[in-house]
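First the structure, in the form of C-alpha cells, and then the observations on it.
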Amino acid sequence: AEGPLTLLLHADTVLPAVDNTRWVAEAAALFKADPLLAVLGTTLGSIWNYPQTSGYAEAEFVFGSRKTKSAIASKLQQSGAFGSGSGGGSGGGDVFAVDRDQSFRSDTARAKLVFAHRALRGIPFQYVECAWLEPAVFVRTRTFHELGGFDPALFNPYEEPQFHDCMLGYEAWSRGFHVAVYDSAVDFLFSERASSRRAAARLSPVYLRTIELSYLRYNRQAIKSYVVQLSNATLVPYRGAST
C-alpha cells in the first residue's frame, strides 16, 4: 500500500453502500486529529480489567456500535469516565467502575461508544487497548510498516491467527502510538457466526499461547492505565449520545 491510510478487511466484512463515503472521511479526520493514531477499528475494540492476583484471568469490556448494552453505556457515562466535563480531562471516575456492580460482572461486557475526541465531537470514538480486525481496521500505512505489521511468528502455517490484532495494538502502544475505535458503517456479514467463532477461538491453542505471550512481551496493565489516562485527558461526551 502506498496511500497514507490502509484499510484491512476481514472475510466477513460488509462495507457501506458505494455512495456512502462518510465513514472513510471520518476515519481520515480522526487520523488527522491525532497524529499518533496508528490503528483505528471500524466497529469494535477492547479494554480489559486485570485481576489483582497472579494469572491471566481477565474481564473484557468491548466498546462499539454493535450488540451493545445501553445500561452499561449509561453507567459508564454517569461514572464520569473518560473526561465527562464539557472540556474533557475531568479525570473523574474510572471506566472499570462498572465492574464493581455485580449485575455487570461477566467475562465480556459490551458498551456502546458514548465518547468522542474533543476535536471531533460528532464522531463516536474511544481509545482502546485492542481494535478488532473483525470486521475491518484502518492503519496508518507508514506506522504499520514501522511496527512490523502482524507478527507471523505468533502462529504456525496451518493455524488460523488469533489475537494478532491485539498484539499489533500492544506493539503500537508500547512504541508511543495510539489505538482506537470509532462508529463507522462497517458491519459483519454474519454477526452471530463471528461472535461464536471468536468465543470458540478463545479455547484454541494458538489463542491461549498468544495471550500468554502478550503478558510476557508487554506490560498490559501499564498500557491499560495509559489508555484510561489518555482517554480522560482527550475524550468528551459524544454529541448526540443517549443515556
Side-chain angles (χ1 to χ4, degrees), residues 5-10 12-16 22-34 36-49 60-70 72-73 76-77 81-83 95-96 98 108-140 143-144 147 163-173 177-188 191 194-195 198 220 223-224 226-232 234-241:
L5 301 179
T6 300
L7 178 63
L8 306 177
L9 303 174
H10 192 269
D12 286 342
T13 304
V14 176
L15 295 177
R22 179 178 176 179
W23 62 284
V24 177
E26 289 181 340
L30 288 166
F31 276 98
K32 183 177 181 180
D34 183 353
L36 292 177
L37 185 60
V39 182
L40 179 63
T42 61
T43 308
L44 298 171
S46 298
I47 300 177
W48 283 267
N49 194 11
E60 181 181 10
F61 291 81
V62 178
F63 297 88
S65 58
R66 309 291 178 257
K67 298 183 179 179
T68 61
K69 293 183 178 178
S70 59
I72 293 179
L76 286 172
Q77 198 167 45
F82 293 171
V95 66
F96 300 109
V98 66
T108 303
R110 295 183 182 272
K112 64 182 178 180
L113 295 173
V114 295
F115 301 100
H117 193 282
R118 60 188 175 193
L120 296 166
R121 302 189 180 203
I123 305 175
F125 171 90
Q126 187 166 309
Y127 290 108
V128 290
E129 293 178 55
C130 166
W132 293 14
L133 177 57
E134 295 181 273
V137 296
F138 281 98
V139 295
R140 197 182 297 272
T143 307
F144 182 71
L147 296 173
F163 209 70
H164 58 306
D165 43 9
C166 293
M167 294 293 277
L168 176 66
Y170 289 127
E171 184 68 19
W173 284 114
F177 297 105
H178 299 163
V179 179
V181 62
Y182 81 116
D183 188 357
S184 71
V186 178
D187 205 346
F188 297 94
S191 295
S195 298
R198 192 173 181 89
R220 289 182 51 176
I223 291 174
K224 171 247 179 173
Y226 180 72
V227 171
V228 173
Q229 291 173 15
L230 177 64
S231 298
N232 280 327
T234 308
L235 303 188
V236 296
Y238 158 58
R239 183 187 303 157

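Throughout, numbering of the chain's residues begins at 1 and tracks the sequence. The basis for the numbers below is simple: all heavy atoms, side chains too, and nothing from hydrogens, waters or symmetry mates.
In this structure, the ring-ring contact (aromatic ring centres under 6.0 Å, His included) partners of H178, at least two apart in sequence or on a different chain, are Y127, W173. Considering only residues two or more places apart in sequence or on other chains, E26 meets the side chain to side chain donor-acceptor pair (under 3.5 Å) condition with R22.
Residues A136 and L7 approach most closely at CB-CD1, 4.0 Å, considering heavy atoms. A pairwise comparison of heavy atoms in R121 and R118 identifies NE-O, 3.3 Å as the closest pair. When every heavy atom of S184 is checked against every heavy atom of T43, the shortest pair comes out as OG-OG1, 4.4 Å. What you find for W23 and P16 is that their closest heavy atoms are NE1-CG, 3.3 Å. Minimum interatomic distance between Q126 and I47 (heavy atoms only, all atoms of both residues): NE2-CD1, 3.9 Å. Minimum heavy-atom separation, A180 to A131: O-CB, 3.7 Å.
Taken from OG1 in T6 to CZ in F138, the straight-line distance is 9.5 Å, to the nearest 0.5 Å. With rounding to the nearest 0.5 angstrom, the OG1 atom of T42 is 9.0 Å from the CG atom of D187. Between atom SG of residue C130 and atom NZ of residue K224 there is a gap of 16.0 Å, rounded to the nearest 0.5 Å. Here T234 contributes atom OG1 and D34 contributes atom CG; the two are 7.5 Å apart, rounded to the nearest 0.5 Å. Separating the CG atom in L44 from the CG atom in L133 is a distance of 11.5 Å, to the nearest 0.5 Å. The CG atom of L113 sits 11.5 Å away from the CD1 atom of I123 when rounded to the nearest 0.5 Å.
Contact check for E134 versus D165: no side-chain heavy atoms found under the 4.5 Å cut-off. Taking the side chain as every heavy atom from C-beta outward, L147 and F177 approach each other to under 4.5 Å. With a 4.5 Å cut-off on side-chain heavy atoms, V139 and L5 do not count as touching. For the pair E129 and V179, the minimum side-chain heavy-atom distance is 4.5 Å or more. Counting heavy atoms from C-beta on, the side chains of F125 and L40 come closer than 4.5 Å. With contacts defined as side-chain heavy-atom distances shorter than 4.5 Å, the pair L8/F144 qualifies.
A donor-acceptor distance shorter than 3.5 angstrom exists from the side chain of R140 to the backbone of F31, with no hydrogens or angles considered. Of the possible donor and acceptor atoms, one in the side chain of T13 sits under 3.5 Å from a partner among the backbone N and O of P135.
Using a 30° and 60° split on the angle between ring planes, Y170 and F163 fall in the tilted class, from 30° to 60°.
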_From CA spacing to verdict: side-chain contact (heavy atoms from CB on, under 4.5 Å), V186, V14_ = CA-CA 6 Å; V186 178; V14 176; over 6 Å; no

